[in-house]
2 protein chains.
Amino acid sequence: MRRVTVRDVAARAGVSVSTVSRYLNGSLRVRPAVAERIDGAVAALGYRPHPLARRLATNSARTIGLLVPGITNPFFARLAEELETSAYDHGGYSVLLCDTKSLASREREYTELLSHGLVDGLVYCGMNPANEALAEAIERGLPVVLVDEDVEGLPPVPRVFVENAEGARRATAYLVSLGHRRIAYVGGPGELMTARERLRGHREALEAASIAFDPALARMGPYTDAFGFDAMNDLWRAGERPTAVLAANDYQAAGVMRAARALGLRVPEELSVVGFDDMPLSRYLTPALTTVHQPVEEIARQALDTLLGSIQGRDGAVMNRVLAVELVVRESAAPPASGRVGA
Amino acid sequence: MRRVTVRDVAARAGVSVSTVSRYLNGSLRVRPAVAERIDGAVAALGYRPHPLARRLATNSARTIGLLVPGITNPFFARLAEELETSAYDHGGYSVLLCDTKSLASREREYTELLSHGLVDGLVYCGMNPANEALAEAIERGLPVVLVDEDVEGLPPVPRVFVENAEGARRATAYLVSLGHRRIAYVGGPGELMTARERLRGHREALEAASIAFDPALARMGPYTDAFGFDAMNDLWRAGERPTAVLAANDYQAAGVMRAARALGLRVPEELSVVGFDDMPLSRYLTPALTTVHQPVEEIARQALDTLLGSIQGRDGAVMNRVLAVELVVRESAAPPASGRVGA
DNA sequence: GTGAAAGCGCTAACAA
DNA sequence: TTGTTAGCGCTTTCAC
């Protein structure tokens, strides 16, 4: 069963292929009789334009790439969902999913693959500080927007981040306002900008409260439940007894809570815990996790707008968008058990 | 900056385009001198084949579509991750993500879009019992494999399901073995095969234990936390006091637990709760949820194998694979408070 | 082994 | 308006 092409439609409608093409693309008003004949032929033959052929001819893939460290991370899943919806609504763009498993090698390979016509643009959420292929791709003209995490050594490229430092600042300030002074910090890996920024915010908030930052109360590592668990146990074993801990990620916070429970600590009565990201998970924890909310929809919208802007050659994209975060107070933080702490 | 094409490479290497093409695709051994010249030209020019052009010429998109009701559902996120990995490893296939938001309209539109050459095959996870466009697409020859949920009125097409009934059977039998006899059931919407099958398994297990199925103890609705919450409250308000509830989905189970807590019921001491799916969530609930595990990796692997099989024209795909599930016992179920129940 | 040329199915520049 | 025709960049017969 051969494929039905414009040619067949044209033949049946008794017009030329270009007329069919233009009529179907709406770039032409034909007279009613012709229109009717074309419509008839299309229906009779069951004609459908071949997307690949169209894309090759127009030099537009009508697809954007979404590169993420892991689609099972709810943050990226939400981002994917929102992006996909927006893309679909903005002229029927499709989304090619690239899951790198946080591997630098995959990030490179995918960037390579995408950068030669497969997609019209790329929303890039890296988990590694560098990507040579990305720099090249951007130089060659691939529209790219960086989301969430920074990449070094790139030509100027629009970025959409959130107020990482401010989020940690607020979370810490909140803990301070509750009366905590021994606040432990479980943070992300130092190579990541988000991790560094959140740490910075934490330290600034401590400073503002005239509390000295104590390195012995801080642990840095991967954004995982397991690391949070280990970090908390480690803290305790080392004789560091914070009354509160701020985790730079909800998975880590969940791990901290799990460890606290294992250590016989009641949350929030004996230990306050605050997270970061506001994953769905945080609502299901007991007690429900107080955490810093990321405006995922907004991130997705801004990223897509910016990307579509540069794809369509619209210039003057805002280069750095920094979106506001919000502290969501739930149940995992309370005043320290020992009552107020002396100055 | 014009794009570098095979032509440019051929010219620079002093050979014809067909030689370059064949050499690059490995379908030809050229003599060393020529090979070297071509390699040199490719490197010097920074040539990269245009994927779309190649796809048009070979009539193969090297992409598979993944249609899911929602990528934020961890089950589908996991499926996407596994599928993407397998596809990437199996000859560098990419995956086009289609999130339908459980909308029948989106399912149709996406099917339409994909079925005309955009992808070589489709992994279809529908949430609606019918899809005309899908039937047509299959008829026209699009390789499709149905996963998780069935669709009616389709030509013969391979399916990968799990033992839904058996899972519910085991969960119920487990509850019975603990001593429960008043077991409520919170199930999925009746249009879905998974929902019907799970209910069937539940009923069969009750029957096997000589317990009459009591419709007053059952509630059917969407696979959401909110519905679980409402169903549990409703059950209680109606004066139905089960000692255990089996939910057909972990979200629902989470909602049931939330409602139980709100009603002042301790889980599992006063109410046992068992879920279905084994989402990551279930591990974070307090108490950790006993639930039926779905073998996601296995599902993804089977689906991809089957799909790639039909894409490559390999015939004789197994039409119906039914994968085994497993009851994961955690902490949310225990013997009923009232001790043993008379026969 | 290598080259010329004809597509893949569509769009768009140019002519009529 | 409509038709003719030359691409988009690649693969692949078919001859040499």
Side-chain angles (χ1 to χ4, degrees), chain A residues 1-39 41-42 45-63 92 113 115-120 140-141, chain B residues 1-39 41-42 45-63 92 113 115-120 140-141:
Chain A
M1 195 159 75
R2 224 187 83 271
R3 196 192 164 82
V4 182
T5 77
V6 254
R7 274 192 144 62
D8 303 316
V9 176
R12 192 173 222 270
V15 295
S16 77
V17 290
S18 58
T19 301
V20 174
S21 172
R22 284 175 293 201
Y23 169 65
L24 259 26
N25 291 324
S27 66
L28 171 72
R29 239 204 336 270
V30 301
R31 42 175 224 276
V34 175
E36 208 170 293
R37 292 217 308 280
I38 296 181
D39 287 335
V42 167
L45 267 32
Y47 168 75
R48 293 274 127 186
H50 188 137
L52 257 35
R54 188 206 293 262
R55 286 162 192 209
L56 180 60
T58 55
N59 188 28
S60 126
R62 276 205 114 44
T63 301
L113 176 66
S115 65
H116 295 279
L118 236 199
V119 298
D120 296 326
R140 254 200 326 274
Chain B
M1 195 156 76
R2 226 187 81 270
R3 193 190 167 86
V4 181
T5 76
V6 255
R7 273 191 144 66
D8 304 316
V9 175
R12 192 174 221 269
V15 295
S16 78
V17 290
S18 56
T19 301
V20 174
S21 172
R22 284 177 292 204
Y23 168 65
L24 259 24
N25 291 325
S27 67
L28 170 73
R29 238 202 338 270
V30 300
R31 42 177 225 275
V34 175
E36 208 170 294
R37 291 217 309 280
I38 296 181
D39 287 335
V42 167
L45 267 31
Y47 169 73
R48 294 271 127 188
H50 188 135
L52 256 34
R54 190 207 292 268
R55 287 162 189 206
L56 179 60
T58 57
N59 189 27
S60 125
R62 275 205 116 44
T63 301
L113 176 66
S115 65
H116 295 280
L118 236 199
V119 298
D120 297 326
R140 254 198 327 272

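We name chains A, B, ... by the order of the sequence lines, and we start the count at 1 in each one. Just so you know, these numbers use all the heavy atoms, side chains as well, and skip hydrogens, waters and symmetry mates.
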* Asked: Can you check the N59(A) CG to dC8(D) P distance for me, whole Å?
  -> 10 Å

* **Length of the CG-P vector between L52(A) and dC10(C), whole Å** => 11 Å

* To do: With rounding to the nearest 0.5 Å, note down the distance linking CG in L24(B) to CZ in R48(B).
  => 9.5 Å

* Asked: What does the inter-axis angle of the helix from dG1(C)-dC16(D) to dA16(C)-dT1(D) come out as, five pairs per end, nearest 10 degrees?
  -> 40°

* To do: Could you tell me which residues satisfy side chain to side chain donor-acceptor pair (under 3.5 Å) with R37(B), sequence neighbours excluded, listed by chain and number?
  => none

* Asked: What heavy-atom pair brings N25(B) and R54(B) nearest, and what distance separates the two atoms?
  -> OD1-NH1, 2.9 Å

* Does any N or O in the side chain of S21(A) come within less than 3.5 Å of the main-chain N or O of V17(A), such that one atom is a donor and the other an acceptor? -> no

* Asked: Once you round it to whole Å, what is the distance between C1' of dT11(C) and CZ of R62(A)?
  -> 14 Å

* Asked: Contact class for Y47(B) (heavy atom, under 4.0 Å): base, sugar-phosphate, or nothing?
  -> sugar-phosphate

* If we ignore angles and hydrogens, is there a donor and acceptor under 3.5 Å between the side chains of S18(A) and R22(A)? -> yes

Give every pair of a protein N or O atom and an N or O atom of nucleotides 1-5 of chain D that lie under 3.5 Å apart, one pair per line with the distance.
unit_1 : atom_1 : unit_2 : atom_2 : d
dT1(D) : O5'    : R29(A) : O      : 3.2
dT2(D) : OP1    : R31(A) : NH1    : 2.5
dG3(D) : OP2    : S16(A) : N      : 2.6
dG3(D) : OP2    : S16(A) : OG     : 3.3
dG3(D) : OP2    : T19(A) : OG1    : 2.8
dG3(D) : N7     : S18(A) : OG     : 3.0
dG3(D) : N7     : R22(A) : NH2    : 2.9
dG3(D) : O6     : R22(A) : NH1    : 2.9
dG3(D) : O6     : R22(A) : NH2    : 3.2
dT4(D) : O4     : S18(A) : OG     : 3.2

* Asked: Run the side-chain contact (heavy atoms from CB on, under 4.5 Å) check on Y23(B) and V15(B) step by step: do they pass?
  -> CA-CA 11 Å; Y23(B) 168 65; V15(B) 295; over 6 Å; no

* Please work out if S21(B) contacts a base, only the sugar-phosphate, or nothing of the nucleic acid, heavy-atom cut-off 4.0 Å. => base

* To do: Answer yes or no: is there a donor N or O on one side and an acceptor on the other, between the side chain of R55(B) and the main chain of L118(B), under 3.5 Å?
  => no

* **Spacing between L118(A) atom CG and dC10(D) atom C1', to the nearest angstrom** => 14 Å

* To do: Looking only at non-hydrogen atoms, find the nearest pair between G117(A) and A61(A) and report the distance.
  => O-CB, 3.9 Å

* Has R54(B) got a side-chain N or O lying under 4.0 Å from the OP1 or OP2 atom of dG9(D)? -> no

* To do: Please report, rounded to the nearest Å, how far the P atom of dG7(D) is from the CZ atom of R3(B).
  => 18 Å

* **Nearest-Å distance for atom pair OH/P, residues Y23(B) and dT2(C)** => 11 Å

* Structure fact -> D8(B) CG to dC10(D) C1', in whole Å, measures 13 Å

* Among dT12(D), dC10(D), dG9(C), the nucleotide that comes nearest once only the side chain of T58(B) is considered -> dT12(D)

* Structure fact -> Closest non-hydrogen contact found for D8(A) with T5(A) is OD2-N, 2.8 Å

